[in-house]
Amino acid sequence: MNVYTYYQNIDFSGQNELIELWKKSWESKGFNAIVLGKEDAESHPFYNEFCDKLKKIHLQIMGEELKDYGLSCYLRWLAYANTMKEASYACDYDVINIKLDAPKKINEDLLLYDN
């Protein structure tokens with residue numbers, strides 16, 4: 001069972017250590033932990049149009065240009081859409097797995113977990 005996260009360098013201290021902890025925690029529970037990056041989003045056929053429209057909308061609504069961190073929060077969805085070909089888990093890399101064992105199969109519907 002795959003679990004994905006998205007990583008883009010945003011100059012956060014300890015980011016690389018956190019990625020390694022994320023990966024270890026998920027793999028210790030039987031998951032195949034996969035870290036996607038900006039290149040996975042950039043290879044999506046909708047990338048250029050997505051970024052252009054997102055930047056214009058952000059400027060209209062917020063009155064300022066979209067910063068790299070804000071853009072990365074949206075780009076992860078393109079990376080997931082471009083990569084995930086089967087039912088999988090996706091989460092931020094600050095979600096450390098201590099209890100969830102990898103299931104043999106998961107529901108194909110979109111599910112959001114909280115708590």
Side-chain angles (χ1 to χ4, degrees):
M1 176 63 51
N2 292 336
V3 60
Y4 294 88
T5 197
Y6 181 82
Y7 164 80
Q8 188 173 329
N9 186 351
I10 54 171
D11 292 326
F12 167 67
S13 178
Q15 202 172 9
N16 291 331
E17 292 85 354
L18 189 53
I19 288 283
E20 287 306 312
L21 178 60
W22 174 86
K23 193 168 183 155
K24 275 185 183 178
S25 77
W26 285 91
E27 288 177 348
S28 73
K29 294 297 183 180
F31 286 86
N32 179 31
I34 301 167
V35 179
L36 301 178
K38 189 174 181 182
E39 61 280 355
D40 297 296
E42 289 173 332
S43 63
H44 191 287
F46 189 50
Y47 176 80
N48 290 326
E49 183 179 352
F50 181 81
C51 288
D52 289 344
K53 288 184 178 186
L54 188 59
K55 289 175 183 178
K56 285 177 188 172
I57 290 168
H58 189 275
L59 185 59
Q60 287 174 342
I61 294 172
M62 302 303 291
E64 62 183 37
E65 290 190 13
L66 183 60
K67 295 179 177 58
D68 287 342
Y69 173 74
L71 182 59
S72 74
C73 292
Y74 294 103
L75 289 181
R76 65 181 165 171
W77 298 108
L78 279 183
Y80 293 150
N82 204 29
T83 307
M84 297 169 82
K85 305 300 181 207
E86 59 192 33
S88 302
Y89 287 89
C91 65
D92 290 342
Y93 58 83
D94 61 354
V95 176
I96 306 305
N97 185 359
I98 58 173
K99 287 189 173 184
L100 183 65
D101 292 322
K104 295 200 185 315
K105 186 176 181 187
I106 60 174
N107 190 317
E108 298 272 333
D109 297 332
L110 175 64
L111 301 173
L112 300 176
Y113 290 101
D114 190 3
N115 278 336

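Atoms considered below: every heavy atom in the structure, side chains included; atoms not considered: hydrogens, waters and symmetry mates.
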Q.
Would a single hydrophobic cluster contain both Val35 and Met1, if residues Ile, Leu, Val, Met, Phe, Trp and Tyr are joined by side-chain heavy-atom contacts under 4.5 Å?
A. yes

query = Does Val95 offer a backbone N or O that forms a donor-acceptor pair with the side chain of Trp26 under 3.5 Å?
reply = yes

Sorted by chain and number, sequence neighbours left out, side-chain hydrogen bond (donor to acceptor under 3.5 Å, both in side chains) with Tyr7 holds for Asn16

- Message: Between His58 (side chain only) and Glu64 (backbone N and O only), is there a donor and an acceptor less than 3.5 Å apart?
- Response: yes

Scanning both residues in full, the closest heavy-atom pair of Val3 with Trp22 reads O-CH2, 3.7 Å

Worksheet item: According to a 4.5 Å side-chain heavy-atom criterion applied to Ile, Leu, Val, Met, Phe, Trp and Tyr, with indirect links allowed, do Ile57 and Trp77 form part of one hydrophobic cluster?
Response: no

dist Phe50:CZ -> Leu78:CG (nearest 0.5 Å) comes out at 4.5 Å

Does OH belonging to Tyr74 count more than 12 external heavy atoms closer than 6.0 Å?
no

Going hydrophobic residue to hydrophobic residue with side-chain gaps under 4.5 angstrom, can you get from Tyr69 over to Leu59?
-> no

Distance col, row Tyr6:OH vs Leu36:CG, nearest 0.5 angstrom, shows 8.5 Å

Minimal heavy-atom distance between Gly37 and Ala79, with the atoms involved, is O-CB, 4.3 Å

Kindly assign one of parallel, tilted or perpendicular to the pair Phe31 and Tyr89, based on the angle between their ring planes and the thresholds 30° and 60°.
perpendicular

Rounding to 0.5 Å, atoms NZ (Lys29) and NZ (Lys99) come to a distance of 9.5 Å

Given 3.5 Å as the limit, does a donor-acceptor pair link the side chain of Ser25 with the main chain of Ile96, or not? no

Show your reasoning for whether side-chain contact (heavy atoms from CB on, under 4.5 Å) applies to Lys38 and Tyr47.
CA-CA 10 Å; Lys38 189 174 181 182; Tyr47 176 80; 3.6 Å; yes

Neighbour count above 12 (heavy atom, 6.0 Å) for Asn32 CG: yes

Chi angles and distances behind the side-chain contact (heavy atoms from CB on, under 4.5 Å) call for Leu75, Glu42: CA-CA 8 Å; Leu75 289 181; Glu42 289 173 332; over 6 Å; no

Rounding to 0.5 Å, atoms OH (Tyr80) and OG (Ser88) come to a distance of 11.0 Å

Between the CZ atom in Arg76 and the OG atom in Ser72, the distance rounded to the nearest 0.5 Å is 8.0 Å

| said: Counting only heavy atoms from other residues, nucleotides and ligands, does the tally under 6.0 Å from NZ of Lys85 exceed 12? | reply: yes

CG (Asn82) and CD (Glu39) are apart, to the nearest 0.5 Å, by 11.0 Å

